[in-house]
> 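First the structure, which I've put down as structure tokens, then a few questions once you've had a look.
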Amino acid sequence: QTMAERVGWLLLAIIAASVLGVYADWKSQEEERPTIAPMICEACRGTVEHILEMSPEPRKRNLQQMVELLDDPEAICDIKYFERGGADFVDGEITYQKFKWPPPDMQKGCEVILGDFENQIIKEFLRQGIDSPGALARRLCYEKTTACASGGGATSIPDEEEEEDVEGGGEERGASGGGG
């Protein structure tokens, strides 16, 4: 082989190795990146917790209050809420004490939760009764929506009867006091 051929093969080998190295590095980083499903699940729990802080006590809630509260996603998904607890440096990485995900991700997740599950959130908050906040969050995030489903993601579970209850005014919840 001539010198030019050897150099050509050598260059080809170097390029191939570089491409494979970049691909392998990209794949390993991709595997390290968390999927959106766990973040949406955490955002659901954080969103429910924040709505609980913002809403009246269970016996005093009514449909109009809950609709008005959820009509202000900027307040519910305020990044300051998700920043509470501050950040810690652990093993050279920033970790957030209150939530597993950084505040901007939690804020976006909160917006997704409100957009996809508004009816279910209103219904479950009106039905809370004496349930603990944890029980309410579990029911909303794991049972009444797909926020924490194994497949993950945001798509509410359609339940025609439940939607009628919410849209119908929740008569059994004491939402009296006129139309609105």
> I need the minimum non-hydrogen distance between M39 and D105, along with the two atoms involved.
SD-O, 3.2 Å
> How close do L70 and I76 get, counting heavy atoms only, and between which atoms?
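Closest approach of L70 to I76: CA-CD1, 3.8 Å.
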> To the nearest 0.5 Å, tell me how far I121 CD1 sits from T47 OG1.
7.0 Å
> Would you check if the side chain of Q128 reaches a backbone N or O of D131 as a donor-acceptor pair within less than 3.5 Å?
yes
> Please answer whether the main-chain N or O of S55 pairs with a side-chain N or O of R61 as donor and acceptor at a distance below 3.5 Å.
no
> What residue pairs, at least two apart or across chains, pass salt bridge (Lys or Arg N to Asp or Glu O under 4.0 Å) with a residue in residues 62-73?
none
> What distance separates E124 CD from M66 CE, expressed to the nearest 0.5 Å?
11.0 Å
> Check the SG atoms of C41 against those of C141: under 2.5 Å or not?
no
> Evaluate the ring planes of Y81 and F99, with Trp represented by its six-membered ring, and classify them as parallel (under 30°), tilted (30 to 60°) or perpendicular (over 60°).
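Plane angle between 30° and 60°, so tilted.
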> What's the spacing between I40 CD1 and M106 CE if we round to 0.5 Å?
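Going from CD1 on I40 over to CE on M106, the span is 9.5 Å.
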> Can you check whether F125 reaches L52 side chain to side chain, under 4.5 Å on heavy atoms?
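A side-chain contact under 4.5 Å exists here.
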> Would you compute the distance between atom NE2 of H50 and atom SG of C77 and round it to the nearest 0.5 angstrom?
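Atom-to-atom, H50:NE2 and C77:SG are 9.0 Å apart.
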> Compare every heavy atom of V67 with every heavy atom of I122, then report the nearest pair and how far apart it is.
CD1-CG2, 3.8 Å
> State plainly whether the residues R45 and E42 are in salt-bridge range, i.e. N to O under 4.0 Å.
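E42 and R45: salt-bridged.
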> Any chain of hydrophobic side-chain contacts (each under 4.5 Å) joining L136 to M54?
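Same cluster: L136 reaches M54 through Ile, Leu, Val, Met, Phe, Trp or Tyr contacts under 4.5 Å.
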> Quick one: pull up CD in E118 and CD1 in I113 and give me the separation to the nearest 0.5 Å.
12.5 Å
> Taking all non-hydrogen atoms of both residues into account, name the closest pair between Q64 and N62 and its distance.
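Heavy-atom minimum between the residues: N-OD1, 3.1 Å.
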> Between SG of C110 and CD1 of I51, what distance do you get to the nearest 0.5 Å?
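One gets 7.0 Å once the value is rounded to the nearest 0.5 Å.
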> So, do I79 and P104 sit near enough that their side-chain heavy atoms are less than 4.5 Å apart?
yes
